[in-house]
Protein chains: 2
Amino acid sequence: MTIGSKRILSYPSIRRMPSYLRVLKDLVATDQKDVSATFLAKALGFEPIVVRKDFDPLPITGKSGVGYDIHELIKAIEDHLGWNNITDAFLVGTGNLGSALLGYRGFEQYGVKIVLAFDVDPAKTHQTINDIHVLPIDEFSTMAVRMKVQIGVLAVPAEYAQPIAEQMIKAGIRAIWNFAPVKLVVPENVVVQNEDLAEGLAVLSVKLDRLKTQSVHPIPGDTSPVPENETPDTHPVP
Amino acid sequence: MTIGSKRILSYPSIRRMPSYLRVLKDLVATDQKDVSATFLAKALGFEPIVVRKDFDPLPITGKSGVGYDIHELIKAIEDHLGWNNITDAFLVGTGNLGSALLGYRGFEQYGVKIVLAFDVDPAKTHQTINDIHVLPIDEFSTMAVRMKVQIGVLAVPAEYAQPIAEQMIKAGIRAIWNFAPVKLVVPENVVVQNEDLAEGLAVLSVKLDRLKTQSVHPIPGDTSPVPENETPDTHPVP
DNA sequence: TAGATATCGATGTAAGTATATCGATAAAAG
DNA sequence: CTTTTATCGATATACTTACATCGATATCTA
Ligand SMILES: NC(=O)c1ccc[n+]([C@@H]2O[C@H](COP(=O)([O-])OP(=O)(O)OC[C@H]3O[C@@H](n4cnc5c(N)ncnc54)[C@H](O)[C@@H]3O)[C@@H](O)[C@H]2O)c1
Ligand SMILES: NC(=O)c1ccc[n+]([C@@H]2O[C@H](COP(=O)([O-])OP(=O)(O)OC[C@H]3O[C@@H](n4cnc5c(N)ncnc54)[C@H](O)[C@@H]3O)[C@@H](O)[C@H]2O)c1
């Protein structure tokens, strides 16, 4: 059973990688050279076993009794996610959410940089938000083709999401980060990642409900102070 | 094996519920009375089996050859999620993301209404965003206690997330929707839902990478037009 | 140097999800 | 009224993910 040894991260693993990166990058400032799975687990609220499993497919190896080399680990993760060289992205829809995204400097840490934005509303175009120019949507295709941009961020109202997605794809976009609560219909050679905030809200509601109903039967001699409470995410390979 | 029949939705199911709700509410406008799992599956890109499994724990039943009663289904979902009577929430941090969330009218559809916001920056307080008042953070506790608010939305910079969370909890907050990329340490009787956009970005990166490398070996006689491309989320009960 | 402690990596188990199959039922079509 | 089609619901299977155990190895301490 050694055929094609598993060098592919599962989606749950992939989702945890940004968290690891954050902690690891904080550690770089320290004089530490190595970090243990136990340490990362505690910092992030996972189980140490999960951490080691997550790193298992990466082309690195930890040392017993020591842990993983921090720099090696960071490099391995960034390599796997393709975050070493930052990829340019275009954003469409500079409304509430779109301009929040533009105002966020954090994405560059994750390999993506929004370099141009577009909107249909003349009141919003021909200005800059956080140093990013906002152009009329008509110029999207020209610019996308010229700059060979492959990632598009979709932050328009639901009813315009599909047509804008199609326009993106025609202009060469291969990956769409979709914030509109709509299932986009796209060709096979285009990937979509839907970001639906309502999912998290639904989970929160249910957790709160279940918390209340279960606390009707309180744990006998328990007044422990500071545990945790997380909700993860998983998924099979499409 | 009928002891305590499974009336509990899995987390993946819970995450799909908002999508169902959206489609169902659109259907209400129609004159349709029933909807089949097949229809919902097609509309959302799931498998019909998944849809039926998702509805199985709900206290409703579909009719063979017909489907589910739309109104019954909506009610069952909203009941389960506790979204029938809207719950008030407070938001802290009216920066880029926070004000985007305030500008969004959609959350009420999911049982949560942000009724007050708070910030530490005097330049941002004592104004309204989308008709929601922004107060100084010092007033949080008083207002939370007075209004018996149980849900807090955290949209402050990472370094302030933990202290603000603690302040929320002292004021009676039981559920925190956390947008800061930080693991919050909270007591057992408080639930946290972390919303980490980087997760989705990580998934998108990998999907794009895998798309490119696999397309080196194109599927032989395949030029099918409009398939799909989704990435779901799952998780075990804490 | 010897012993205690921490940690990895491999292997195995359990839990949770997704998917397939099939009989029964309801509506529509002939 | 009979046949066809669509659909649910139950059961079974496969797959993915999380979790547990244990031996081996490295570091630290006495
Ligand atoms: N704001 C939030 O917190 C939030 C939360 C969850 C989901 N969403 C989703 O994100 C999307 C955007 O939300 P928002 O609150 O920013 O809405 P918004 O109305 O504030 O912004 C939408 C922007 O898209 C622009 N636009 C409209 N049609 C366009 C077109 N054809 N081409 C280019 N630009 C166009 C508008 O001019 C506007 O600037 C929506 O689909 C919404 O459902 C938003
Ligand atoms: N903007 C995005 O697109 C985005 C994306 C992902 C994650 N986030 C996360 O969301 C959080 C907010 O991001 P942002 O872009 O809105 O940042 P921001 O700096 O624009 O806004 C932060 C707000 O919090 C306020 N604040 C600071 N300390 C406070 C305190 N002690 N009490 C009350 N208010 C306080 C500030 O005054 C400011 O208004 C951050 O943790 C960020 O990492 C943002």
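Chain letters run A, B, ... following the sequence lines, proteins first and then strands; every chain starts at 1.
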Atom pair distance, as rounded to whole Å: [atom1] in [X] and [atom2] in [N]:
X       : N      : atom1 : atom2 : result
B/Asp54 : C/dA18 : CG    : P     : 7 Å
B/Glu47 : C/dT21 : CD    : P     : 12 Å
A/Ile8  : D/dT17 : CD1   : P     : 11 Å
A/Arg15 : D/dA18 : CZ    : P     : 12 Å
B/Phe55 : C/dA18 : CZ    : P     : 14 Å
A/Phe46 : D/dA18 : CZ    : P     : 10 Å
A/Leu58 : C/dG9  : CG    : P     : 11 Å
B/Tyr11 : C/dT17 : OH    : P     : 10 Å

Rounded distance [0.5 Å steps], [atom1] in [X] versus [atom2] in [Y]:
X        : Y        : atom1 : atom2 : answer
B/Arg174 : B/Asn189 : CZ    : CG    : 5.0 Å
B/Tyr110 : A/Glu199 : OH    : CD    : 10.0 Å
A/Tyr160 : A/Gln167 : OH    : CD    : 13.5 Å

Next on the checklist: So does A/Asp196 get a backbone contact from the side chain of A/Asn194, meaning a donor-acceptor N/O pair under 3.5 Å?
Outcome noted: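 Side chain of A/Asn194 to backbone of A/Asp196: no pair is present.
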Item to check | B/Arg52 and B/Tyr68: side chain donor to acceptor below 3.5 Å | outcome: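 Distance-only check fails for B/Arg52 and B/Tyr68.
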Item to check | Criterion side chain to side chain contact (heavy atoms under 4.5 Å, CB included) on B/Met17 and B/His80, from CA distance to verdict | outcome: CA-CA 10 Å; B/Met17 290 297 148; B/His80 189 93; over 6 Å; no
Checklist entry - Are B/Arg210 and A/Tyr11 in a cation-pi contact, defined as NZ or CZ under 6.0 Å from the six-membered ring centre and within 45° of the axis? => result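 Geometry flag: set, cation within 6.0 Å and 45°.
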Checklist outcome for this item: Scoring nucleotides 5-14 of chain D by protein non-hydrogen atoms under 4.0 Å (B base, S sugar-phosphate only, - none) yields -BBBBSBB--
Checklist entry - Under the side-chain contact (heavy atoms from CB on, under 4.5 Å) test, which residues partner A/Leu101, sequence neighbours left out? => result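 A/Leu101 satisfies side-chain contact (heavy atoms from CB on, under 4.5 Å) with A/Leu91, A/Leu97, A/Phe107, A/Val153, A/Phe179, B/Leu197 only.
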Next on the checklist: Between the opening five pairs and the closing five pairs of the helix from C/dT1-D/dA30 to C/dG30-D/dC1, how far apart are the helix axes, to 10°?
Outcome noted: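 Taking the rotation axis at each end, their angle is 10°.
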Next on the checklist: Tell me whether A/Glu78 is salt-bridged to A/Lys25, with the criterion being a basic N under 4.0 Å from an acidic carboxylate O.
Outcome noted: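 Salt bridge between A/Glu78 and A/Lys25, a charged N being under 4.0 Å from a carboxylate O: yes.
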